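In this text, all values refer to a predicted model and were calculated from it rather than measured experimentally. All values below come from the heavy atoms of this structure, side chains included, with hydrogens, waters and symmetry mates left out. Proteins get letters first, then strands, A, B, ... in listed order; numbering begins at 1 in each.
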Number of protein chains: 2
Amino acid sequence: MKLSKTSEYALRILIYMAKKPADLYTAKYLIEQLHVSDKYLRRLMTELSKAGFIKSTQGRDGGYTFAKPINEISLYDIIDSVESMDKLNDCVLGFNECSCTNPCAMHDEWLVIRQKLNKIFHETKLSDLDFEHVLRY
Amino acid sequence: MKLSKTSEYALRILIYMAKKPADLYTAKYLIEQLHVSDKYLRRLMTELSKAGFIKSTQGRDGGYTFAKPINEISLYDIIDSVESMDKLNDCVLGFNECSCTNPCAMHDEWLVIRQKLNKIFHETKLSDLDFEHVLRY
DNA sequence: AATAAATACTACTTATTTGTAGCATATTAA
DNA sequence: TTAATATGCTACAAATAAGTAGTATTTATT
């Protein structure tokens, strides 16, 4: 009942960048600021580039910037790009056959929770966050 | 953003038993009904016994029954006994220092979600579930 | 053209979770 | 008291997630 480390890092990085969304950030700088390990961050940045959130420029004076406006990037999209958000909608008891017409004993309770989770994660965009106190390492 | 397999199994088993809470269930029977592997289920049952939800009687004609009324067993308690529910209250970005006075950028959004999750898991007791359609393998 | 400073890729290592095997222990009934 | 039928324990195996190492590639500056 927790996000994966990879999702945590992805959120941390993009939220940090969203504070000044027009800037160019080098991996080296983000590693220092956010205390995510070198190779892990770099690999993750490549994933986030492929997912279309950021774009990288290689070579000297290179780095990463947003590839689209931060009010178009939801927390749902970010998490979904590194761990499937679909699993949130799986049966909480692990039954594959579970559905509204053939529900498990917890189906209705879980439906309420997951709808709220989906709603908040979908509706919260990077631009909605409070950057006054962006906690960082 | 999903319960562990172990939590799923723990819930499956106890919810299944809660349908007829006075009965004695053998491991063999539960394994057949719920398709949880032999040794894994047995180990889990021992944990659930130690946590005080069920009690076991060894030897011939042995098995497991509830150790207390099922309206005193919440889903929170069950999940917490096999994977720490505390982690639900950890910072969603993984910052140890995150708190209401020193919040991360997602602190407020996440607080709303986790309070709802905590509430539902705490308030839902085994006796509250709908046993008309207990889906099983 | 050489160098410096950046990202990209592939393979490997470690840690955690999940699942399995085999033997030990307990209890009832004939 | 022996056989049958239960649970309990310890150690191992497999799968997945997390983290690390080293090298290749790209590009602006000189």
Side-chain angles (χ1 to χ4, degrees), chain A residues 1-13 17 23-67 79 81-85 87 90 93-94 137, chain B residues 1-13 17 23-67 79 81-85 87 90 93-94 137:
Chain A
M1 210 60 227
K2 195 171 177 357
L3 295 177
S4 66
K5 281 277 174 194
T6 307
S7 290
E8 279 184 16
Y9 293 154
L11 289 171
R12 257 199 237 174
I13 293 162
M17 288 174 65
D23 284 12
L24 186 79
Y25 296 86
T26 65
K28 196 182 171 195
Y29 176 75
L30 292 171
I31 289 159
E32 283 168 12
Q33 293 296 311
L34 298 170
H35 285 209
V36 177
S37 83
D38 187 313
K39 302 302 162 95
Y40 208 84
L41 180 134
R42 288 173 191 281
R43 193 169 57 188
L44 186 50
M45 295 309 269
T46 307
E47 276 186 66
L48 295 175
S49 300
K50 285 178 180 162
F53 304 122
I54 56 177
K55 60 193 169 198
S56 67
T57 51
Q58 283 196 14
R60 190 171 167 160
D61 298 339
Y64 307 94
T65 1
F66 281 104
I79 299 167
S81 75
V82 294
E83 66 174 301
S84 170
M85 272 302 258
K87 65 187 180 192
D90 286 349
L93 300 184
Y137 279 112
Chain B
M1 213 56 227
K2 195 170 177 354
L3 295 178
S4 67
K5 281 277 175 194
T6 307
S7 291
E8 278 184 17
Y9 293 156
L11 289 172
R12 256 199 237 174
I13 294 163
M17 288 174 65
D23 285 11
L24 185 79
Y25 296 86
T26 64
K28 196 182 171 194
Y29 177 74
L30 292 171
I31 289 159
E32 283 169 12
Q33 293 296 310
L34 299 169
H35 286 210
V36 177
S37 82
D38 187 314
K39 300 305 162 93
Y40 207 83
L41 180 134
R42 288 172 193 280
R43 193 168 59 190
L44 186 49
M45 294 310 269
T46 307
E47 277 187 65
L48 295 174
S49 299
K50 283 177 181 163
F53 303 124
I54 55 176
K55 61 190 170 199
S56 66
T57 50
Q58 283 196 13
R60 187 168 169 164
D61 297 340
Y64 307 95
T65 0
F66 281 105
I79 299 167
S81 73
V82 294
E83 65 175 302
S84 170
M85 273 302 259
K87 66 187 180 192
D90 287 348
L93 300 184
Y137 280 111

Given atom [atom1] of [X] and atom [atom2] of [N], what is their separation to the nearest angstrom?
X	N	atom1	atom2	value
A:Leu24	C:dT7	CG	C1'	12 Å
A:Ile54	C:dA8	CD1	C1'	13 Å
B:Glu47	C:dT18	CD	P	11 Å
A:Tyr40	C:dT7	OH	P	18 Å
B:Leu3	C:dT17	CG	P	14 Å
A:Asp38	C:dA6	CG	P	12 Å
B:Leu41	C:dT20	CG	P	12 Å
B:Arg42	C:dA21	CZ	C1'	13 Å

Contact class for [X] vs. all strands (heavy atom < 4.0 Å): base, sugar-phosphate, or nothing?
X	value
A:Tyr29	nothing
B:Ser49	nothing
A:Lys55	nothing

Point to revise | C:dT17 phosphate, OP1 or OP2, under 4.0 Å from B:Ser4 side-chain N/O | key: no
Review point. Below 4.0 angstrom from OP1 or OP2 of C:dT7, is there any side-chain N or O of A:Thr46?
Key: no
Interatomic spacing from [atom1] in [X] to [atom2] in [Y] - rounded to 0.5 Å:
X	Y	atom1	atom2	result
A:Ser7	A:Lys2	OG	NZ	10.5 Å
A:Glu8	A:Glu83	CD	CD	9.5 Å
A:Ile31	A:Ile13	CD1	CD1	9.0 Å
B:Tyr29	B:Tyr64	OH	OH	15.5 Å

Heteroatom pairs (N/O) under 3.5 angstrom, protein to nucleotides 22-26 of chain C:
{"from": "C:dG22", "atom 1": "N7", "to": "B:Lys39", "atom 2": "NZ", "distance (Å)": "2.7"}
{"from": "C:dG22", "atom 1": "O6", "to": "B:Lys39", "atom 2": "NZ", "distance (Å)": "3.2"}
{"from": "C:dA26", "atom 1": "O4'", "to": "B:Gln58", "atom 2": "OE1", "distance (Å)": "2.5"}

Check your understanding: If you find the nucleotide of DNA chain D closest to B:Arg43 and the one closest to B:Tyr25, which residue's nucleotide is nearer the 5' end?
Key ->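 Nearer the 5' end of the strand: B:Tyr25.
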Practice item. Provide the closest heavy-atom pair for B:Glu32 versus B:His35 in the form atom of the first, atom of the second, distance. Key: O-CD2, 3.2 Å
Review point. What heavy-atom pair brings A:Arg12 and A:Leu34 nearest, and what distance separates the two atoms?
Key: NH1-O, 3.1 Å
Please tabulate, for side-chain N and O atoms in residues 36-56 of chain A, each donor-acceptor pair with protein atoms closer than 3.5 Å (sequence neighbours left out).
{"from": "A:Asp38", "atom 1": "OD1", "to": "A:Arg42", "atom 2": "NE", "distance (Å)": "2.7"}
{"from": "A:Tyr40", "atom 1": "OH", "to": "A:Thr6", "atom 2": "OG1", "distance (Å)": "2.8"}
{"from": "A:Thr46", "atom 1": "OG1", "to": "A:Arg42", "atom 2": "O", "distance (Å)": "3.0"}
{"from": "A:Ser49", "atom 1": "OG", "to": "A:Met45", "atom 2": "O", "distance (Å)": "2.8"}

Review point. Of B:Ser37 and A:Thr57, whose closest DNA chain C nucleotide lies nearer the 5' terminus?
Key: A:Thr57
Review point. Is any side-chain heavy atom of A:Met1 less than 4.5 Å from a side-chain heavy atom of B:Ile79?
Key: no
Exercise for review: Could you tell me from which nucleotide to which nucleotide of DNA chain D, 5' to 3', there is an atom under 4.0 Å from chain A heavy atoms?
Suggested key: D:dA18 to D:dT29
